[in-house]
Amino acid sequence: MLDRLRRLVALVRQQLWIGAVFVRSGFIPLLRPAVWLGFARAFREHGTHPTTGFALSAVRRPDGTALVDERGSLTWAQLEQRADALAVGLAAAADGQVTSIAILCRNHRGIVEALIASARLGADALLLNTGFSGPQLADVMEREQGSLIVYDEEFSSVLAETRGRVSGLVEVLAWTDGAAEGPTVERLIDSHRGASPPAVDRTGRVVLLTSGTTGTPKGARRSGGGPDELAGMLERIPWRAEETVVVAAPMFHAWGFGQLVIAAIMTCTVVMRRRFDPEATLGLVDDHRATGLSLVPVMLERIVELPEEVMGRYSLSTLRFVSASGSRMRPAAVTAFMDRFGDVVYNSYNATEAGQISVASPADLRHAPDTAGRPVPGTRVQVVDDGWHPVPVGEVGRIVVRGASPFEGYTHGGAKDARDGFMESGDVGRFDAEGRLYVVGRDDDMIVSGGENVYPIEVEKAIADLDAVREVVVIGVEDEDFGQRLAAYVVAVPGAALSPDDVRAHVKATLAGYKVPRDVVLLDELPRNAAGKVVARELRGAS
């Protein structure tokens, strides 16, 4: 009886906390009863799909600006009407029921409309990486049984192999810079304007692909978390309803997609651009008086590398938060950005399978620019050994997570290892005495060289301390004598003098001798995928 009472009290406290966070952020507004009835109708019709926020915002502010791209702006009502028409058009183009829609688009209205349309049809939406090669795309389309694809014209040649391997492929062009033959998103919308798709029994899922930096990308099904997951994020990052955010992070990626979904739920105008440009991004923030900017770490790094006279043209005076995720941020870049534009950077540690895990606030980043911050409310994080026993504070172990948003498994089968509700993240890390999490690297990144364990991030941080180094990645390569040896791939600051011996000497003066990379390769740039992550498999053999 006492246990039941305690659980009830805990539940009431949780609900009160969620309500307080929602009210403070403006997510729960003071609205007319008719609007609340509209919300109820939207939930009844669309359920709790990740795109339901668009329908809610169309009820809340039908004439408010939903998105701005290079073709202009759309209101929430216009976006809903266009998505409905597109859903009807896609069903007609596929000549029947649509169970899956593959989307290969950059950041523009087409990717948003295709996502909403997939939900209207009860179809799964498969978000494809815009950096895929032809064989990669064909492999994923075959594995995920994609038969309908919405794509930008620039990727037409990449589809060549898919056309030969997927019979009956239905193609719809989303963004074209000129006249195009065949079905396009705009033609389908125009020809079915005013129409709405019939109600469906099936609830579609959004299939997000893992980064695939070390192997073939996997398809991960996540339906999204409930109000506690949203409240946990709003508690840490100062989103406010009905404001404007610039989403520069690619929306096919879990981070960019998540930022789009949150913006829709919060009725925030989303400003987007097809291709990232550091100066243009600063211009979008100032021109639209945005309070939020969502990007991946390499984008922040490119911004701080702009010449002083260029950055001096922009104030970012309206900016209240910059939310970044997707890979480790260079500590020097974080500090330089905040020194210039204020303490507004929030670094999120996320996983495609687990959602948001932790957030480093500006205060955390001032204390330790390389920290992943503290677990978000509602998410438990532990650092464990191989037996899943918690390790002492300060020791490195495997990061395991129990969050509010369950992972529904990979589309081809299989799942992450889990015990007692905790799921492995695939990363290793440690906690400090104040409860901040530090991600040391991937679980399979550890290099065993001559019997010694080395985590690449430690060596990377040492090399990055050199003023002449712009970027660095350290990996393990096969070695006949030692099993593995360290290899460092370094990009120098333009115009700086840097030699492999300089790098080795600095590491030797900083770390233990066995952590000095035997191979130091100077490159003009690191190979990255479209989400900004370094593609490790392309480094081996680079010279």
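Worth knowing before you read on, the calculation uses all heavy atoms, side chains too, and leaves out hydrogens, waters and symmetry mates.
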**Request:** On the 0 to 90° scale, with breaks at 30° and 60°, tag the Phe321-Tyr346 ring pair as parallel, tilted or perpendicular.
**Result:** perpendicular
Say whether, by atom type as modelled, one donor and one acceptor occur between the side chain of [X] and the main chain of [Y] under 3.5 angstrom.
X	Y	answer
Thr51	Leu115	no
Arg236	Arg374	yes
Asp427	Ile399	no
Asp286	Ser315	yes

Can you name the salt bridge (charged side-chain N to carboxylate O under 4.0 Å, His left out) partners of [X], sequence neighbours left out?
X	answer
Arg289	none
Arg165	Asp139, Glu142, Glu161
Arg193	Asp190
Arg274	Glu70, Asp177

**Item:** Verdict with reasoning, Ile265 to Trp239, per side chain to side chain contact (heavy atoms under 4.5 Å, CB included)
**Value:** CA-CA 11 Å; Ile265 291 172; Trp239 286 75; over 6 Å; no
In a table with atom names and distances, give each donor-acceptor pair under 3.5 Å that connects a side chain of residues 266-273 to protein atoms at least two apart or in another chain.
residue	atom	partner	partner atom	Å
Thr267	OG1	Ser57	OG	3.0
Thr269	OG1	Thr65	O	2.6
Arg273	NH1	Arg275	O	2.6

**Prompt:** Excluding sequence neighbours, so at least two apart, what forms side-chain contact (heavy atoms from CB on, under 4.5 Å) with Ala87?
**Reply:** Ala117, Arg120, Leu121, Pro197
**Criterion side chain to side chain donor-acceptor pair (under 3.5 Å) on Ser100 and Glu144, from CA distance to verdict** = CA-CA 9 Å; Ser100 177; Glu144 303 294 335; over 6 Å; no
**Request:** Report, as yes or no, whether the 6.0 Å neighbourhood of atom CD on Gln145 holds more than 12 heavy atoms from other residues, nucleotides or ligands.
**Result:** no
**Request:** Report yes if some heavy atom in the side chain of His288 is under 4.5 Å from a heavy atom in the side chain of Val246; otherwise report no.
**Result:** no
